[in-house]
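Structure record follows, encoded as structure tokens.
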Amino acid sequence: GSGRTRTASRSSVKPSNASERRHWRVLVSAGTLHAFHPARAEPRGLTVSLPWKVYAARNGTVWIGTFSKGLLRVHGDDRRWFLADGRHEPPPLNVIFEDRRGELHLGTPEGLYGLDSDSLVKFSGPENLETMDIRAMAEDRCGRLYLGLNGEGLLRRTGSAWERFTTDNGLPGDHVW
């Protein structure tokens, strides 16, 4: 050996960002999820179709957004799928964001979704915007939610009101990632 580390060309393995030993660890690669607890020796696998985004929430729950199967919640031994209400196929999940109240916001090429008990629910966006391909999310100190859009600028939600910012308002570009 040359001492070099080989990297997988087919998939990228992403560790969860849960930092405490009492939480489960999750490794995701193309088509497989391995969940394990540091106190236990054996990782357990779970087949996941195209894991797209992985997010470790503050409470230790790991959320896995897929390209075509919905949202998977992993918390200890509990695994639960969330699908879009009234849809044959759930939208691809580009962004998983937890606000300061602990609520999840899910950005998709079709708009903003959230969780309502057993399903993904689409939230309405600004009336004057036909598409909301969400690629990034953030929250400011006042609790306003910002959505970075693919080609449509930046949205800011305050309560139920929306404001849109584009190159006309000084953004350097309308692709906000």
Side-chain angles (χ1 to χ4, degrees), residues 8 10-18 26-33 35 46-59 61-75 79-140 143-158 160 162-167 171-177:
R10 189 162 178 263
S11 68
S12 61
V13 176
K14 298 180 181 183
S16 73
N17 64 1
V26 175
L27 298 175
V28 178
S29 63
T32 307
L33 172 136
L46 177 66
T47 301
V48 177
S49 175
L50 287 174
W52 212 241
K53 292 292 175 190
V54 177
Y55 179 77
R58 292 185 295 263
N59 68 357
T61 299
V62 176
W63 296 92
I64 301 165
T66 66
F67 185 75
S68 61
K69 295 291 183 187
L71 181 69
L72 175 63
R73 180 184 68 198
V74 178
H75 191 84
R79 282 140 178 76
R80 183 170 178 198
W81 283 97
F82 294 83
L83 305 173
D85 226 6
R87 290 183 55 130
H88 180 64
E89 283 190 20
L93 296 173
N94 291 335
V95 183
I96 302 172
F97 180 77
E98 180 182 18
D99 68 18
R100 61 182 167 179
R101 295 177 308 201
E103 291 183 31
L104 280 188
H105 303 274
L106 309 164
T108 78
E110 301 169 13
L112 182 63
Y113 282 75
L115 294 177
D116 182 25
S117 53
D118 291 339
S119 61
L120 304 178
V121 177
K122 187 172 183 180
F123 296 126
S124 56
E127 291 180 17
N128 60 348
L129 189 61
E130 287 184 34
T131 60
M132 274 180 45
D133 184 356
I134 301 169
R135 299 303 175 112
M137 283 193 231
E139 181 181 39
D140 68 14
R144 294 178 292 209
L145 186 66
Y146 291 82
L147 308 177
L149 305 178
N150 184 15
E152 297 292 336
L154 179 71
L155 291 176
R156 178 172 60 196
R157 185 178 76 182
T158 307
S160 61
W162 291 95
E163 290 178 84
R164 183 170 167 219
F165 304 93
T166 65
T167 53
L171 285 180
D174 285 333
H175 293 276
V176 180
W177 303 58

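Computed from a prediction, not measured in an experiment: that's the story for all the values here.
Across L112 and I134, no two heavy atoms sit closer than the pair N-CD1, 3.5 Å. The minimum heavy-atom distance linking D133 with N94 is given by the pair OD1-ND2, 3.4 Å. Here the closest heavy-atom approach between residue E152 and residue R164 is recorded as OE1-NH2, 2.8 Å. V176 approaches A136 most closely through the heavy-atom pair O-CB, 4.3 Å. Closest of all the heavy-atom pairs between K69 and L83 is O-CD2, 3.0 Å. In this structure, T131 and L129 approach most closely via the heavy-atom pair O-CG, 3.3 Å.
Distance check: Y146 OH to M137 CE gives 15.0 Å after rounding to the nearest 0.5 Å. In this structure, L155 CG and T166 OG1 are separated by 10.5 Å, a value rounded to the nearest 0.5 Å. One finds the CZ atom of R79 at 11.5 Å from the CZ atom of R73 (value rounded to the nearest 0.5 Å). Note that OG1 of T108 is 8.0 Å distant from CE of M132, once rounded to the nearest 0.5 Å. Interatomic distance, L149 CG to F165 CZ, rounded to the nearest 0.5 Å: 12.0 Å.
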Chi angles and distances behind the side-chain contact (heavy atoms from CB on, under 4.5 Å) call for W63, L106: CA-CA 11 Å; W63 296 92; L106 309 164; over 6 Å; no

Residues H105, R157; criterion side-chain contact (heavy atoms from CB on, under 4.5 Å); working and verdict: CA-CA 12 Å; H105 303 274; R157 185 178 76 182; 3.5 Å; yes

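Counting only heavy atoms from C-beta outward, the side chains of Y113 and L71 never approach each other to under 4.5 Å. Looking at heavy atoms from C-beta onward, V95 lies out of side-chain contact with K53 at the 4.5 angstrom threshold.
Under the 3.5 Å distance criterion, with hydrogens and angles disregarded, a donor-acceptor pair is assigned to the side chains of N59 and T61.
Using a distance-only test at 3.5 Å, with no hydrogens or angles considered, a donor-acceptor pair links the side chain of D174 to the main chain of T167.
Ion pair E110/K122 not flagged as a salt bridge, since none of the NZ, NE, NH1 or NH2 atoms sits closer than 4.0 Å to an Asp/Glu carboxylate oxygen.
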